[in-house]
Amino acid sequence: MQHDLIAQARTWLAEDPDPETRAELAALVEAGDTQELAARFAGTLQFGTAGLRGELGAGPMRMNRSVVIRAAAGLAAYLKARGEEGGLVVIGYDARYKSADFARDTAAVMTGAGLRAAVLPRPLPTPVLAYAIRHLGAVAGVEVTASHNPPRDNGYKVYLGDGSQIVPPADGEIAAAIAAVGPLADVVRPEDGWETLGEEVLAAYLARTDAVLAPGSPRTARTVYTAMHGVGTSVLTAAFERAGFPAPVLVAEQAEPDPAFPTVAFPNPEEPGAMDLAFATARRAAPDLIIANDPDADRCAVAVPDTAAEGGWRMLRGDEVGALLAAHLVERGATGVFAESIVSSSLLGRIAEKAGLGYEETLTGFKWIARVDGLRYGYEEALGYCVDPEGVRDKDGITAALLVAELASVLKEQGRTLLDLLDDLALAHGLHATDQLSVRVEDLSVIADAMARLREQPPTALAGLAVTSAEDLSQGTDRLPPTDGLRYHLEGARVIVRPSGTEPKLKCYLEVVVPVADAAGLPAARARGAELLAGIKRDLAAAAGI
């Protein structure tokens with residue numbers, strides 16, 4: 001075993017084009033660290049519907065230049081097999097460690113394979129790449145990003161020519177093409193021959209952002225903004241300036257890209273503590289709202305002043321922002337289909353139904369939401385919003401921020417706030433309260449065991465609410481393809497349990513709906529919702545053995 005591991009490592013070393021990972025792996029071989037080598041050579045990083053994502057480092061189970069070159073070569077082979085020889089592949093990247101290297105390697109591989117490659121001019125938000133694919137008529141796009149993962153991670157997200165992320169069977173076919181790549185020495189990688197795009201592609205994206213706002217709408221909302229050490233600051237501030245909003249007050253400590261993400265444990269606005277600096281800035285600047293992007297700026301988080309909240313500010317849940325934007329678009333006379341993933345609040349369906357609009361539920365991820373026919377607006381509870389599907393067929397934290405700021409401005413002119421509109425929605429449709437039970441694990445078998453336990457012994461009641469139906473989503477439904485998940489309908493509640501597709505987490509999505517007769521009943525309804533969610537969370541954790 002030890003001899004095999006060392007031999008595998010030496011073979012990998014001989015091919016590795018990166019002096020940093022070569023030195024890292026050579027040190028592990030020299031030290032005879034078989035435990036670490038076994039982890040790195042336990043298989044290969046799997047290419048799935050999120051592309052690739054993993055920890056940086058040497059070896060096939062890590063993100064590194066060797067793995068990326070193979071992925072690019074497999075993607076190129078897939079595109080050529082589909083008759084796309086000579087087609088354009090656009091490549092974007094964020095500001096994480098190695099992102100620029102991975103983008104350059106991808107451009108070299110595409111060029112060497114007889115495709116045309118164009119790289120975005122600098123680290124830019126993922127939605128700019130998604131926009132550029134359609135804008136430039138590309139056959140595919142690659143974004144090098146690990147989104148809101150920890151600093152040690154990076155990733156590789158693939159889009160096809162329609163501008164949306166890959167779904168089956170394309171992911172499996174690309175994975176097979178990657179597996180068929182031979183020695184790295186046989187992958188042609190010229191030193192040049194690809195195009196580095198100029199700022200005009202960003203200018204075209206920014207011109208498009210204007211389309212999400214209503215002509216002549218109020219633009220008075222004052223914001224505090226954090227890019228969470230990512231790439232959002234320059235693009236969001238430019239979009240706000242074009243639109244005529246007051247310049248956002250920046251969270252200075254987090255405004256510039258920094259791959260170390262020094263002020264946050266996890267660079268995700270949903271994680272505890274990630275918004276603390278934004279709250280502190282807001283207490284000084286007294287804005288109307290806080291807007292945060294994640295590091296690649298495809299997600300948008302919103303916080304609002306709330307005297308009842310600790311520190312005077314409250315983060316809105318993704319489902320709350322999703323409903324607010326839907327209500328705003330309805331008020332503006334939107335037509336078309338509203339869509340969301342199955343883990344998001346059922347409130348969107350009620351808003352669409354009352355407005356006489358189409359409504360679709362999809363599997364988790366914008367790769368599915370973006371494919372809905374006639375899509376006008378799509379959202380996911382994990383802070384993702386697609387408000388301009390003709391421009392960007394993916395979540396876009398920049399245009400979502402513009403639309404939130406417009407809504408806040410409209411309400412401000414009426415002497416109202418986002419919280420007032422949430423109250424209106426609760427009175428019209430019932431109080432929809434959502435929460436999440438999310439368990440991060442070191443050992444993935446914990447997740448598999450929990451799923452198996454729930455399948456073998458499904459709960460019959462949670463928080464005293466009877467389970468009226470239980471679905472194993474791995475079997476698929478008449479509306480959804482198969483996915484690893486479980487869905488429980490209860491009397492006045494819904495629960496979905498699934499492994500995360502991008503992180504080592506088990507995620508449980510909880511929703512309760514509490515009827516509200518009038519405004520006086522809202523506090524009691526909120527208290528009842530919170531009580532039920534806490535009870536469901538407690539009983540579900542026990543049932544899953546977590």
Side-chain angles (χ1 to χ4, degrees), residues 12 15-18 21 44-54 60 62-94 98-120 126 129-130 132-146 154-197 201 367 393-394:
W12 186 272
E15 284 199 325
D16 191 341
D18 188 334
T21 44
T44 56
L45 212 53
Q46 288 304 298
F47 186 93
T49 47
L52 294 168
R53 200 176 287 187
R62 298 286 185 268
M63 283 295 295
N64 51 64
R65 290 182 61 199
S66 297
V67 164
V68 164
I69 290 166
R70 288 184 177 280
L75 174 59
Y78 167 83
L79 291 170
K80 289 168 71 176
R82 290 167 59 91
E84 304 289 9
E85 180 89 38
L88 175 67
V89 178
V90 190
I91 302 148
Y93 59 103
D94 66 12
K98 298 287 183 183
S99 287
D101 294 340
F102 294 166
R104 190 170 53 251
D105 281 331
T106 301
V109 171
M110 295 301 163
T111 304
L115 292 144
R116 291 181 297 126
V119 184
L120 292 184
T126 293
L129 181 275
I133 294 165
R134 287 161 62 80
H135 176 64
L136 298 173
V139 299
V142 171
E143 176 70 18
V144 180
T145 181
N154 213 328
Y156 198 81
K157 189 184 287 190
V158 175
Y159 299 74
L160 293 181
D162 62 357
S164 50
Q165 296 175 52
I166 52 169
V167 295
D171 59 337
E173 291 166 4
I174 295 169
I178 293 169
V181 174
L184 280 195
D186 295 347
V187 178
V188 180
R189 285 186 293 129
E191 291 294 314
D192 53 32
W194 57 89
E195 179 185 2
T196 299
L197 295 165
V201 68
K367 58 184 176 279
R393 288 196 180 172
D394 199 359

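Values reported hereafter were calculated over all heavy atoms of this structure, with side chains retained and with hydrogens, waters and symmetry mates removed.
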Lys367 and Ile166, any side-chain heavy atoms less than 4.5 Å apart: no

Please check: side-chain N/O of Glu84 versus main-chain N/O of Val139, any donor-acceptor pairing under 3.5 Å? no

Please tell me if the side chains of Val67 and Tyr156 come closer than 4.5 Å, counting only heavy atoms from C-beta onward. no

Closest contact, heavy atoms only, Val119 versus Ala107: CG2-CB, 3.7 Å

For the pair Arg189 (side chain) and Val109 (backbone), establish whether a donor and an acceptor sit closer than 3.5 Å, ignoring hydrogens and angles. no

For the CG atom of Asn154 and the OG1 atom of Thr145, what is their distance to the nearest 0.5 Å? 7.0 Å

Pairwise distance CG(Leu75) to NZ(Lys80) - rounded to 0.5 angstrom: 12.0 Å

How long is the span from the CG atom in Leu197 to the NE2 atom in His135, to the nearest 0.5 Å? 9.0 Å

Identify the heavy atoms of Met110 and Ala117 that sit nearest to each other, and give their distance. CB-CB, 4.0 Å

Exercise: identify the closest heavy-atom pair between Ala175 and Phe47: CB-O, 3.9 Å

Taking the side chain as every heavy atom from C-beta outward, state whether Tyr159 and Glu143 have any atom pair closer than 4.5 Å. yes

Might you point out which heavy atoms bring Met63 and Leu52 nearest each other, and give the distance in Å? SD-CB, 3.9 Å

Compare all side-chain heavy atoms of Gln165 with those of Lys157 and state whether any distance is below 4.5 angstrom. yes

Between Ala77 and Ala177, the two heavy atoms sitting closest are CB-CB, 4.4 Å

Grab the two heavy atoms, one from Gly92 and one from Leu129, that are nearest each other, plus how far apart they are. N-CD2, 3.6 Å

CG (Leu79) and CG (Leu160) are apart, to the nearest 0.5 Å, by 7.0 Å

For a quick check under 3.5 Å, do Thr21 and Asn64 share a side-chain donor-acceptor pair by atom type? no

How long is the span from the CD1 atom in Ile178 to the OG1 atom in Thr44, to the nearest 0.5 Å? 9.0 Å

With rounding to the nearest 0.5 Å, note down the distance linking CG in Asp94 to CG in Leu120. 11.5 Å

If we check salt bridge (charged side-chain N to carboxylate O under 4.0 Å, His left out) with Asp105, which of these qualifies: Arg70, Arg65, Lys98? Arg65

Looking only at the side chains, is there a donor atom on one of Thr106 and Tyr93 sitting less than 3.5 Å from an acceptor on the other? no

With heavy-atom distances below 4.5 Å as the criterion, would you say the side chains of Val201 and Val90 are in contact? no

Are Asp18 and Ser66 linked by a side-chain donor-acceptor pair shorter than 3.5 Å? no

